[in-house]
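Quick notes on the structure that follows.
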Amino acid sequence: MSSEQPRQQIYDSTAPSTDTRDSRIGEGADDRFNSKLREAFGSTPFILTKFDKFMNWVRGNSMFMLQFGIACCSIEMMHTYAIKHDLDRFGAGVPRASPRQADVMIVPGTIVSKFGPRMKRVYDQMPEPKFVVGMGSCTISGGPFQEGYNVVKGAEEIIPIDIHVPGCPPRPEALVYGIAKLQERIRNGESTPVVVKPYELEEFGELPKDELVQTLADDIDEEDLVMRYNWADSP
Amino acid sequence: MSTGLEREPSVAVTEDELEALVGDRALARDDHLNAPGFVIRPDAVQDVLTDLRDEAGFDHLANLTAQQYADRYESIYHLRKYADPTQEVSIVVPTTTDDPVSQTAEPVFRTADWHEREAFDLVGIDYEGHPDPRRILLPETWQGHPLSEGYDQEKPQLVTLTEHANPVQPDHHDDESDTMFLNIGPHHPATHGVLHIETVLDGETVVDVDPDIGYLHRCEEQMCQQGTYRHQIMPYPDRWDYVSAGLLNEWAYARTAEDLADIDVPEYAQIIRTMGAELCRIASHMLALATFALDVYGDFTAIFQYGMRDREVVQDILEDLTGQRLMFNYFRLGGVAWDLPDPREEFIEKTRDFLDGLPAKVDEYHDLLTANEIFQVRTHDTGILEPEVAKQYGCTGPVARGSGIDYDIRRDDPYGYYDNLEWDVVTEDGCDNYSRVLVRMQEVEESAKIIEQCLDLLEDWPEDERTVQSNVPRTLKPDADTEIYRSVEGAKGELGIYIRSDGTDKPGRFKIRSPCFHNLSALPEMSEGEYIPDLIASLGSLDIVLGEVDR
Ligand code: SF4
């Protein structure tokens, strides 16, 4: 049948498709939407649970990731999202481009001084509750570039991290495992302990007037946000 | 074999002619292993470079290395020819420690713009007459120059998070034209990583583009200068161009260090290297295609996933060969780490299977991508990069070949096993985004041809001649003050390394010539005056990797 003559009505038997459907859902009334869970509940459609518990369960099973690529690890992160590993299977779906729509941020790579404040800003823009997965050795300690003059020694210096996935780069399986662990924690309502982060965005005017601040006093406005890196105290 | 026979042989310049050309502007000779070197005065830079370009045909400023010695600063301009990259010359410009000022080369080679900014940023040499003397990799507020002597890494630093001002606003303030400033990145899905593009728009037209890089400056050169030649440097190249191009990058280091320390590589290892490197090129070009579709269509679901699917197969093969999916660390100085995995037949068959399936897949990509009308409308005649402009910016790789520049280090400055194999260099004359995509797709097929031939050779190689490594001394200490610049054809273009040895087992200066750095610097030429969606397409077609741009 050619597309020039669109079909106006059904003129053959619909039996074949009915047969297929029947063989798929089996005999009797259509119970496609009646899951095993429903069976377990018995006749009542109501369940009793704590609201918080329910919310955590929902949160853990529907995570929106932030599309956030930094360095080498982001290649493996892309593979985790894509065919074969398909993170979507675990309810941690297609990445969102805007931080305002995301609840989980995977930090896939090395953080350097210039990027630190930007990453903090992106993190701040995500709505609560938000979770962070640190991917790769770089986000743990600076990884292979730990001794670099420009490298932040771990993402935890700037934002709190819930799950660390070690590796350089971690295999996609490892990242999937890390995310599954995060889901488990969210479901159980575990939260990350509050850690003191050494590097914060501060107003330039509020910094103690040490030598560095005085040198830069002419170049930076009092109200400008700055991040101060104390390389000597870094681990 | 395709070793330059198709092209006009360029007129070779002998050393005597060079000497005569530079004349008494040369204060001394400072030859490098790869090229004759002339020391000149800091105020003769433009003069000498112009003569070399116009009269001797050195039209490619491949690299600029800046470094500090105990008693002086030095900028080295590495020149070569697009027509024949084996013809090289180095121009060495020393300046004093107290007043490191040298004339800029920017009017002669546009690419010197970014290079000199980098040299100022990391080493601290001032270039007189430079149009835009800002830092490039480190934040504006950084104190000190990290690769200069006596830099204290422990000192605190401040980095600001400020809004950027509209650089064109003052002269576009009248009523009829109203410009808008737009930040693209550093966190943006279309920038392929952490690139920040400061864009000024007039309506939808781009009037000013300024790529702001350095959000992934991981001190690669410092890391390499801290490592010993034999084993500690090799893992780092994997992380420059991390889009699975690992082996190609490792080869850049292997080639440079082997030539520096005079190490032979067994033929058998060269074949394995060639095969591995081309597998990497396929993986890398697949990602370029996939992300380009993502940029042009915003298509995360179809073509992107197709690209990923095929990359998975390549990565599997590479994992069998090297033991890792992405960061291979498989090359050793003098060979490779180990032979093909056991059982060999299985590995060879697996790779052959992949190659057999490849033509069908390439057809599929052509159906999805290049034959698609929307795609053609988006990419034809957008992002034009004329060959002359491309040469000014030192563009290489698929970007140059998409502008009709017939330049491929694999053929023109042969290494490995390439000149014993049958394959062709792909060029397209369109100079637009479309041509660059076409070049990559055809290069995938050429790479497949190379791998096929390598597999045949490997299969029949006599069992007792399978040497994967030559004898290399445990500690390598090349003679002090030997200098060398060597390059290979990476996935993105000419990937070069300059090493100066200082007599110890670690390099005195290690400088990376990154193809993406040059290619990206041509972005303003390609996109100013075009629409903003074309800017994104142009950026995608350059196929940059920030790890390599920023190093
Ligand atoms: S952990 Fe390794 S692979 Fe990941 S970003 Fe760091 S260097 Fe790259």
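By convention in this document, chain letters (A, B, ...) are assigned in the order of the sequence lines, proteins followed by strands, and residues within each chain are numbered from 1.
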Practice prompt. Report the distance from atom CZ of A:F115 to atom CG of B:L546, rounding to the nearest 0.5 Å.
Written response: 10.0 Å
Worksheet item: Using non-hydrogen atoms only, which part of B:Q225 is less than 4.5 Å away from chain A: side chain, backbone, both, or neither?
Response: neither
Item to complete: Let me know if A:C168 has heavy atoms under 4.5 Å from chain B in its side chain, its backbone, both or neither.
Response: both
Response to the item:
In short, B:R218 meets A:F145 closest at the heavy-atom pair O-CD2, 3.3 Å
Fill in: For the student: nearest non-hydrogen atoms of A:I83 and B:E312, plus distance
O-OE2, 4.3 Å
Fill in: Most chain B-contacting option - heavy-atom pairs closer than 4.5 Å, from A:I111, A:V151, A:L225
A:L225
Fill in: Proximity breakdown for B:L138 and chain A, heavy-atom pairs closer than 4.5 Å
both
Discussion item. Around atom CZ of A:R121, are there more than 12 heavy atoms from other residues, nucleotides or ligands closer than 6.0 Å?
Written reply: no
Worksheet item: Which value, rounded to the nearest 0.5 Å, describes the distance between A:I75 atom CD1 and B:Q315 atom CD?
Response: 8.5 Å
Item to complete: Assign the ring pair B:Y151 / A:Y149 to parallel, tilted or perpendicular, where the plane angle (0 to 90°) is split at 30° and 60°.
Response: perpendicular
Item to complete: Flag the one option from A:P172, A:S98, A:G116 with the top tally of heavy-atom pairs under 4.5 Å to chain B.
Response: A:P172
Worksheet entry | B:F354 atom CZ: more than 12 heavy-atom contacts under 6.0 Å | yes
Worksheet entry | Between A:C138, A:A71, A:A97, A:P117, the one whose heavy-atom pairs under 4.5 Å with chain B are most numerous | A:A71
Practice prompt. Measure the CG-SG distance between B:L216 and A:C72 for me, rounded to the nearest 0.5 Å.
Written response: 7.5 Å
Practice prompt. For B:M223 and A:E147, work out which heavy atoms get closest and say how close.
Written response: CE-C, 3.5 Å
Discussion item. I'd like to know if B:D316 and A:K84 make a salt bridge, using a cut-off of under 4.0 Å between side-chain N and carboxylate O.
Written reply: yes
Worksheet item: Can you check whether B:V159's main-chain N or O pairs, donor with acceptor, with A:Y229's side chain at less than 3.5 Å?
Response: no
Fill in: Approximate separation, where rounding is to 0.5 Å, of B:I213 CD1 and A:K114 NZ
7.5 Å
Fill in: For chain A, the option from B:D152, B:V243, B:L158, B:D241 that forms the most heavy-atom pairs under 4.5 Å
B:L158
Worksheet item: Considering only heavy atoms, which portion of A:L66 lies under 4.5 Å from any heavy atom of chain B: side chain, backbone, both, or neither?
Response: side chain
Worksheet item: Can you say whether B:Q157 sits under 4.5 Å from chain A via the side chain, the backbone, both, or neither, judging by heavy atoms?
Response: both
Worksheet entry | Best-contacting candidate, B:R311, B:R309, B:Q226, against chain A by heavy atom pairs under 4.5 angstrom | B:R311
Worksheet entry | CD-OG1 distance between B:E220 and A:T110, expressed to the nearest 0.5 angstrom | 8.0 Å
Worksheet item: Which atoms form the tightest heavy-atom contact between A:S113 and B:W142, and what is the distance?
Response: OG-CZ3, 3.4 Å
Fill in: Toward chain A: residues of residues 323-330 of chain B with heavy atoms under 4.5 Å
B:Q324, B:R325, B:L326, B:M327
Worksheet item: Closest approach of A:N150 and B:H217, non-hydrogen atoms and distance?
Response: ND2-O, 2.9 Å
Worksheet item: Taking all non-hydrogen atoms of both residues, which atom of B:G214 and which atom of A:V112 are closest, and how far apart?
Response: O-CG2, 3.8 Å
Worksheet entry | Atom pair CG (B:L287) and NE2 (A:H79), whose distance is rounded to the nearest 0.5 Å | 6.5 Å
Worksheet item: Which region of B:Q222, side chain (C-beta onward) or backbone (N, CA, C, O), has a non-hydrogen atom less than 4.5 Å from a non-hydrogen atom of chain A, or is it both or neither?
Response: side chain
Worksheet entry | Which atoms of B:E140 approach chain A - backbone, side chain, both or neither, heavy atom under 4.5 Å | neither
Worksheet item: With a 4.5 Å limit on heavy-atom distance, are the side chains of B:M308 and A:Y81 in contact?
Response: no
Practice prompt. Report, as yes or no, whether the 6.0 Å neighbourhood of atom CZ on A:R100 holds more than 12 heavy atoms from other residues, nucleotides or ligands.
Written response: no
